[in-house]
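The residues of the chain are indexed from 1 along the displayed sequence.
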Amino acid sequence: MIAHTNYKAMSAVFITFSGNCKRALTFYQSCFGGVLQVKSFEKELHANKEIVVSGSLLAEGITIHGSDLVHNEGRKVGNYISIFFGCKDTNERRELIEKLTGDKKKPFDGNHDDQKLIELTDPFDVRWVLGISD
């Protein structure tokens with residue numbers, strides 16, 4: 001486990017990626033800020049592609065761990081899990097929606113500031129539930 005004294009994690013998740021772990025964690029760093037650490041295989045295994053053994057992003061309010069190493073049964077994308085992130089207010093949530101959706105089609109039209117929870121899917125097919133702290 002990686003420790004960093006400037007950040008206290010409120011949420012921590014581990015995500016298995018399909019060969020794009022470093023790119024995904026770098027994307028999340030652009031959304032949340034924080035410190036990114038990545039450990040890759042010494043040798044390139046597939047088509048000169050960097051394979052991440054373990055990576056961690058430690059940011060204020062969230063820690064995201066990830067890897068390109070897949071269990072024997074393979075990686076399956078599904079809607080059975082989402083990452084919950086508690087936003088301080090509607091402004092922080094609006095900014096995070098913009099960052100997490102990236103170039104993808106916006107998850108909804110109009111203003112949904114009155115909604116307690118908003119769900120979206122990021123460019124790496126990870127589902128997020130963004131709430132407002134009471």
Side-chain angles (χ1 to χ4, degrees):
M1 180 148 174
I2 299 169
H4 194 280
T5 57
N6 292 339
Y7 296 105
K8 181 179 177 185
M10 295 171 24
S11 301
V13 296
F14 186 95
I15 304 170
T16 302
F17 295 94
S18 57
N20 57 0
C21 182
K22 186 174 182 179
R23 193 173 61 144
L25 290 177
T26 301
F27 170 77
Y28 296 136
Q29 184 180 34
S30 75
C31 295
F32 296 103
V35 177
L36 177 62
Q37 295 185 349
V38 176
K39 294 184 181 178
S40 301
F41 272 116
E42 300 276 331
K43 300 178 184 177
E44 295 174 346
L45 298 179
H46 293 293
N48 298 325
K49 198 174 202 182
E50 180 179 12
I51 303 295
V52 173
V53 175
S54 67
S56 296
L57 173 64
L58 286 79
E60 185 175 348
I62 191 165
T63 298
I64 303 173
H65 300 282
S67 176
D68 286 321
L69 302 181
V70 179
H71 297 284
N72 291 340
E73 65 270 11
R75 180 178 183 268
K76 297 176 184 170
V77 177
N79 62 359
Y80 53 88
I81 190 168
S82 297
I83 301 170
F84 175 81
F85 187 84
C87 300
K88 295 174 198 158
D89 54 34
T90 55
N91 290 330
E92 180 183 41
R93 184 167 68 179
R94 269 188 244 116
E95 290 174 13
L96 199 50
I97 289 168
E98 288 295 318
K99 291 176 180 179
L100 284 171
T101 54
D103 293 334
K104 289 186 79 167
K105 181 179 178 267
K106 299 302 175 209
F108 35 73
D109 294 324
N111 185 339
H112 295 279
D113 287 347
D114 58 333
Q115 303 264 336
K116 186 78 173 156
L117 301 173
I118 293 179
E119 186 173 352
L120 59 91
T121 303
D122 72 24
F124 298 93
D125 291 323
V126 174
R127 297 173 72 89
W128 293 81
V129 176
L130 306 178
I132 301 290
S133 301
D134 290 330

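- Closest of all the heavy-atom pairs between Ala59 and Gly33 is CB-O, 3.5 Å.
- Checked against side chain to side chain contact (heavy atoms under 4.5 Å, CB included), Glu95 has no partners two or more places apart in sequence or in another chain.
- Phe124 CZ to Ile15 CD1: the interatomic distance, rounded to the nearest 0.5 Å, is 10.0 Å.
- The heavy-atom pair separating Gly66 from Cys21 by the smallest distance is C-SG, 3.5 Å.
- Between atom CG of residue Asp125 and atom CZ of residue Arg127 there is a gap of 9.5 Å, rounded to the nearest 0.5 Å.
- Contacts of Thr26 classified as side-chain hydrogen bond (donor to acceptor under 3.5 Å, both in side chains), with partners at least two apart in sequence or in another chain: none.
- Of all the heavy atoms in Leu69 and Ser67, the pair that sits closest is N-OG, 2.9 Å.
- At a threshold of 4.5 Å between non-hydrogen side-chain atoms, the residues Leu100 and Phe32 count as touching.
- Considering only residues two or more places apart in sequence or on other chains, Ser54 meets the side chain to side chain contact (heavy atoms under 4.5 Å, CB included) condition with Lys39.
- If you take CG on Asp122 and CD1 on Ile97, they are separated by 13.0 Å, rounding to the nearest 0.5 Å.
- A donor-acceptor pair is defined here as one N or O able to donate and one able to accept, closer than 3.5 Å; such a pair exists between the side chain of Gln29 and the backbone of Gly34.
- Scanning both residues, Leu130 and Arg93, for their nearest heavy atoms gives O-NH1, 3.2 Å.
- In this structure, Tyr28 and Val126 have side chains that are in contact, with non-hydrogen atoms separated by less than 4.5 Å.
- The two residues Leu36 and Leu25 make their nearest non-hydrogen contact at CD1-CB, 3.6 Å.
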Could you pull out every donor-acceptor pair under 3.5 Å between side chains of residues 83-91 and any protein atom, sequence neighbours left out?
from, atom 1, to, atom 2, distance (Å)
Asp89, OD1, Asn91, N, 3.2
Asp89, OD1, Glu92, N, 2.8
Thr90, OG1, Arg94, NH2, 3.4
Asn91, OD1, Arg94, NH1, 2.7

In sequence, state the C-alpha distance, the side-chain angles, and the governing distance for Ser82 and Glu119, and then conclude on side-chain contact (heavy atoms from CB on, under 4.5 Å). CA-CA 9 Å; Ser82 297; Glu119 186 173 352; 3.8 Å; yes
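- Ser18 contributes atom OG, which lies 7.5 Å from atom CG of Asp68 (distance to the nearest 0.5 angstrom).
- Separating the CG atom in Leu58 from the OG1 atom in Thr63 is a distance of 4.5 Å, to the nearest 0.5 Å.
- Aromatic ring orientation, Phe14 versus His65: parallel (interplanar angle below 30°, classes split at 30° and 60°).
- A distance of 10.5 Å separates CG of Leu96 from CD1 of Ile118, quoted to the nearest 0.5 Å.
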